[in-house]
Amino acid sequence: MDGNGMELLAPAGGMEALRAAVQSGADAVYLGAGSFSARAGAKNFSFEDLSEAVRYCHVYGVKVHCALNTLIKETELEAAAETARDICRAGADAIIIQDIGLAGYLKKMLPDMELHASTQMTVTSLEGALALEEAGFSRVVLARELSLKEIEEISRGVDIETEVFVHGAICMCYSGQCLMSSILGGRSGNRGRCAQPCRLKYSLLENGEACGEAYVLSPKDMALIEHLKELSAAGVASLKIEGRLKSPEYVSAVTGVYRKYLDSIGKRIAAEDMEELRNAFSRSGFTDGYLTGVLGRDMMSHDNPANNSGNRYSSEARERASGRTVRRIPVNIYASLCDGNNLSVTMYDNDGNCAVCSGSVPAEPARSKPLEAERLEEQLSKLGQTPFEAAEVTAEVDKGITVPVKDINETRRRACAELESMRAYRKEGRIIDTSFEYQSGNEPRELYLTAEVMNEEQARAVLDSGAVKRLYAPAEVCASLKEVDGGAEIVTKTVDIFRPEKITTEHVSVSSPAAMRYYGSRAAYGNFRLNVYNSQTAAAFSGLKSITLSPELNLHDIRALAEHFSASELEVIGYGYLPLMIMKNCPVRAMGRCAKNGRSYSLRDRENMDFKILCGDDCRAILLNSKPIFTADIMETIKNSKINCIRLNFTVENSEQCGKIVSAYRAAVSGGRVPPMKENTFTRGHMRRGVL
C-alpha cells in the first residue's frame, strides 16, 4: 500500500477477476458472497470459493471485503445471518452492508468483523457519517455525488475511514434511492437486480412537446485518476474501482493504471495510460463532474449508453489477467548444511513471518562433486510458480559434503508452503450465538390517513378536508400555514438528500440517519427513504413515532414485518406518483433547457409513457412515475397487513384533485366501497407483486 496510505480496492466478480486484481496491485478486493449482493449478476462466491479466494488474497497481504449489501426482507433475515457467519468462517476482513437493521444484528453476532456502510446508504454529509460511526461502522462508502470539499469535510470530521469511488460506472440517481427498475420491471436496484432502464433512449418534452431525444439518463463513467493527490490530502482511506460485472482484463487494466499512479502520487498521467483506461471501457469518455462540481451535458453519454472502447487491452494487462503469477513477494533465504546433519532452510518475508524447514536426508561425504554454497543458493532461488521471489539467499556448507538435489527441492517447497500458510493465517473471528430480537406483533387501531404535499395550495386542500391526521410539507410551506381547525398535525418533511433547514414545526419527517441525528427529538416520523424492509431496521428507527415502509414491499412482506414489530406506527404509501429518481445532475439542464423559465418537463419512453420531472431550486431533479399508485378500492386487503396509516403523496395534483383523492380514501378507510380509477391510468405499485 502506498499513495500516502490510501488503499486501492478492486472489484472481483469471480475468481479470475480476483486473481487479476491481486496480480495488478490491489490492496483489497470486494466481492459478493451468497445471495445478498448488490450485483446479483456477478459470479458471486460460494463458501468454498470464498475460502479459497480469501486464502489467495491474504498470501499477498490483500484484504477481502464481502458485499452483503442488499435490503433484506423479513423472511430472509435468518439466511442473511447465515451468509454473514460463512463470511466470517472464511476469514474475510470486512462485510459491506446496506440494511442498517442487519448491521446492528451483525455487530452483536460478529463482534470482531469490520462493517462498512455501503454507498447504497446514501451518505452525503458529515452528519450521516457520524450517525453510522455511532452505529458501529468502521468505514463509510461515500455517495458518488460529493465534491472534493464535501469529501474532505466528512473524512476530516469522523474517526472512521472513508471510501470513495474513483473509477467506473455511475448512476444518474443517488445510490440507494432509485426505484426506477423496481417500479417499471420488478427488478430492484436495492436488491442487486437493476435492469438499467436509465440506459434507454427517451424524448424530452417541454410543456408536452418533444424538444429533444437522447439517452437522457445515461452518464459517462467516472475517472478520478488525475485527482489522487487531492483525495489523499482530503483524508480518504480507500479508493474504489467499480466493475464486479466486468471482465478480468478490465480489472487488470484499470487496477494496474491506478496502482502505478498511487505508487508515484502526483505524477502527471501519461497519455498511454489514459488510453489504457479508455480502451478498457468507456461511454464516450470519462467524467469527474461530481468531484469538481462541473455538472451538465459534459457528464452525460447522450449519444451512446454502451461501451464503445472496443475492449482493447495492453499485453501487460492481459498477462496479469491470464492467471499466471506476476506479482511476487520478496523473501530472504538462509540455509546451512553441516556434515552428518539434515539441510536447514529458513525463509522469511518483510512482514515478520519466518518458516524453518529441515531436509530428510543427512549430509554425507561427496563421492565425486561436493555441494558448494553457490550451488545450494542457486537451487534455493528457484521459486517457480510460488508467490515468492528470492531477494537475498545465503548458504553455509561444510566442505566435501552433499545431499540429493531432490531433498533440497523438497525442503524448499515445504518452506514455501509453510510461509504461504503463515501469510494466509488470520485469527478466527468470534461468532456469538445471537437471536433476532423480535417484538410482539403490531396491533393496529383504527386506520387513518396522512398526506404529503409540495405546495401551499395542496396543503390547504388537504387540511380543509378534515380527513387527515397528519400533514407532511416542505419547510417553506409549513412556515406559511397557520393553525388549522380539525386538529391535523403539521410536520416539516425535510429534504430527501440531507442538508440543514430552518424548521418552524415541533416535529419533522426524516429521510436518513443524518437527519435523525441532526434534528434529534424533533425527528418523529420516518419517510420511506429510510428503506425499512424488515423488523430489525424498523427497530433501529424505533425512536420515531411512525415509519413509512419501503414501497418495494408487498402486502405479504408488510404483514411479516408487522408481526415482529410494534414500537412505532407503520405507514404505507397508498396513493401518489412515486419518485423514481433523485438526481444531482439535472437531466433537463444537461439537455440545454431549464425549468426556471416556467416551463414543465417530462421524459417519454419507447412505450409512450410520460414521466414528469420536478426541478428544485438547487437544481436537484426528481423523476416521477408515469402513473400514480391507487389503492382505495382494495383498502380491506391493506388493513389485513396490520399497518396503522395510509399515506397520500401529492406532487403534481391541483387542489381539486387533492380534495377528490382525500375524499375517496376517507370513504375507503371508513369501510365504504370505492371504485378503481380508469383502466391503465394507475398502478398498485408493489402492493401485490413485490420485487425480486
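For reference, positions follow the sequence shown, starting with 1.
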- request: Assess R144 against F165: is NZ or CZ under 6.0 Å from the centre of the six-membered ring, and within 45 degrees of the ring's axis?
  value: yes
query: Is the NZ or CZ atom of K240 both under 6.0 Å from the centre of the six-membered ring of Y30 and within 45° of that ring's axis?
result: yes
Carboxylate-amine/guanidinium contact [X] [Y], below 4.0 Å:
X    : Y    : result
E76  : R191 : yes
D496 : R620 : no
E134 : R517 : yes
R85  : E82  : yes
R278 : E275 : yes

For the pair [X] (side chain) and [Y] (backbone), establish whether a donor and an acceptor sit closer than 3.5 Å, ignoring hydrogens and angles.
X    : Y    : result
N279 : Y313 : no
R426 : R423 : yes
Q536 : G104 : no
S181 : A195 : yes
S301 : N304 : yes
D93  : K63  : no
E242 : A169 : yes
N311 : A280 : yes
R328 : T386 : yes
E133 : D159 : yes

Provide the closest heavy-atom pair for [X] versus [Y] in the form atom of the first, atom of the second, distance.
X    : Y    : result
A12  : V29  : CB-CB, 4.4 Å
L217 : P587 : CD2-CB, 4.1 Å
P248 : A17  : CG-N, 3.8 Å
T255 : A21  : CG2-O, 3.9 Å
P111 : I432 : CG-CD1, 3.6 Å
G289 : L295 : O-CD2, 3.7 Å

- request: Would you sort out whether N534 and T537 count as a side chain to side chain donor-acceptor pair (under 3.5 Å), showing the intermediate values?
  value: CA-CA 6 Å; N534 58 65; T537 303; 3.2 Å; yes
message: If you apply the rule side chain to side chain donor-acceptor pair (under 3.5 Å), what do you find for N190 with Y533, and how did you get there?
response: CA-CA 10 Å; N190 285 318; Y533 245 65; 5.8 Å; no
Side-chain touch [X]/[Y], heavy atoms, less than 4.5 angstrom:
X    : Y    : value
E161 : E7   : no
V254 : L277 : yes
I87  : L110 : no
F541 : V510 : no
V59  : I329 : yes
Y519 : E501 : yes
Q177 : S511 : no
P330 : N350 : yes

From [X] atom [atom1] to [Y] atom [atom2], the distance as rounded to the nearest 0.5 Å:
X    : Y    : atom1 : atom2 : value
K220 : F286 : NZ    : CZ    : 10.5 Å
N307 : R283 : CG    : CZ    : 7.5 Å
L262 : L228 : CG    : CG    : 5.0 Å
N308 : F281 : CG    : CZ    : 8.5 Å
L132 : S138 : CG    : OG    : 11.0 Å
L231 : M6   : CG    : CE    : 6.0 Å

- prompt: Is there a side chain to side chain donor-acceptor pair (under 3.5 Å) between S314 and E276 once you walk through the steps?
  reply: CA-CA 7 Å; S314 66; E276 174 92 298; 2.8 Å; yes
field: Residues, nucleotides or ligands: over 12 heavy atoms within 6.0 Å of D303 CG
entry: no
- request: Might you confirm whether atom CD of E272 has over 12 heavy atoms from other residues, nucleotides or ligands at distances under 6.0 Å?
  value: yes
- prompt: Would you call the rings of Y250 and H167 parallel, tilted or perpendicular, where under 30° means parallel and over 60° means perpendicular?
  reply: tilted
message: Let's go through E420 and R55 carefully: what are the C-alpha distance in whole Å and the side-chain angles of both, what is the deciding distance for side chain to side chain contact (heavy atoms under 4.5 Å, CB included) to 0.1 Å, and is it a yes or a no?
response: CA-CA 9 Å; E420 194 170 329; R55 188 182 192 283; 3.3 Å; yes
Under 3.5 Å side-chain donor-acceptor pair for [X] and [Y]:
X    : Y    : result
H116 : N69  : no
R193 : S188 : no
S24  : S252 : yes
Q23  : Y60  : yes

query: Can you list the steps and then say if N531 with T122 is a side chain to side chain contact (heavy atoms under 4.5 Å, CB included)?
result: CA-CA 11 Å; N531 283 332; T122 326; 5.8 Å; no
field: Verdict with supporting geometry, R499 and D618, salt bridge (charged side-chain N to carboxylate O under 4.0 Å, His left out)
entry: CA-CA 11 Å; R499 69 170 187 273; D618 56 359; 3.4 Å; yes
field: All side chain to side chain contact (heavy atoms under 4.5 Å, CB included) counterparts of D298, not counting sequence neighbours
entry: none
field: Pairing residues for R19 by the side chain to side chain contact (heavy atoms under 4.5 Å, CB included) criterion, not counting sequence neighbours
entry: M15, E52, Y56
field: side chain to side chain contact (heavy atoms under 4.5 Å, CB included) evaluation trace for L130 with V158
entry: CA-CA 6 Å; L130 287 170; V158 293; 3.8 Å; yes
task: Report the C-alpha separation of L383 and C416 in whole Å, then their side-chain angles, then the decisive distance to 0.1 Å, and conclude whether the side chain to side chain contact (heavy atoms under 4.5 Å, CB included) test is met.
output: CA-CA 8 Å; L383 300 181; C416 286; 3.8 Å; yes
query: Which residue, L146, I151, V164, forms the side-chain contact (heavy atoms from CB on, under 4.5 Å) with L291?
result: I151
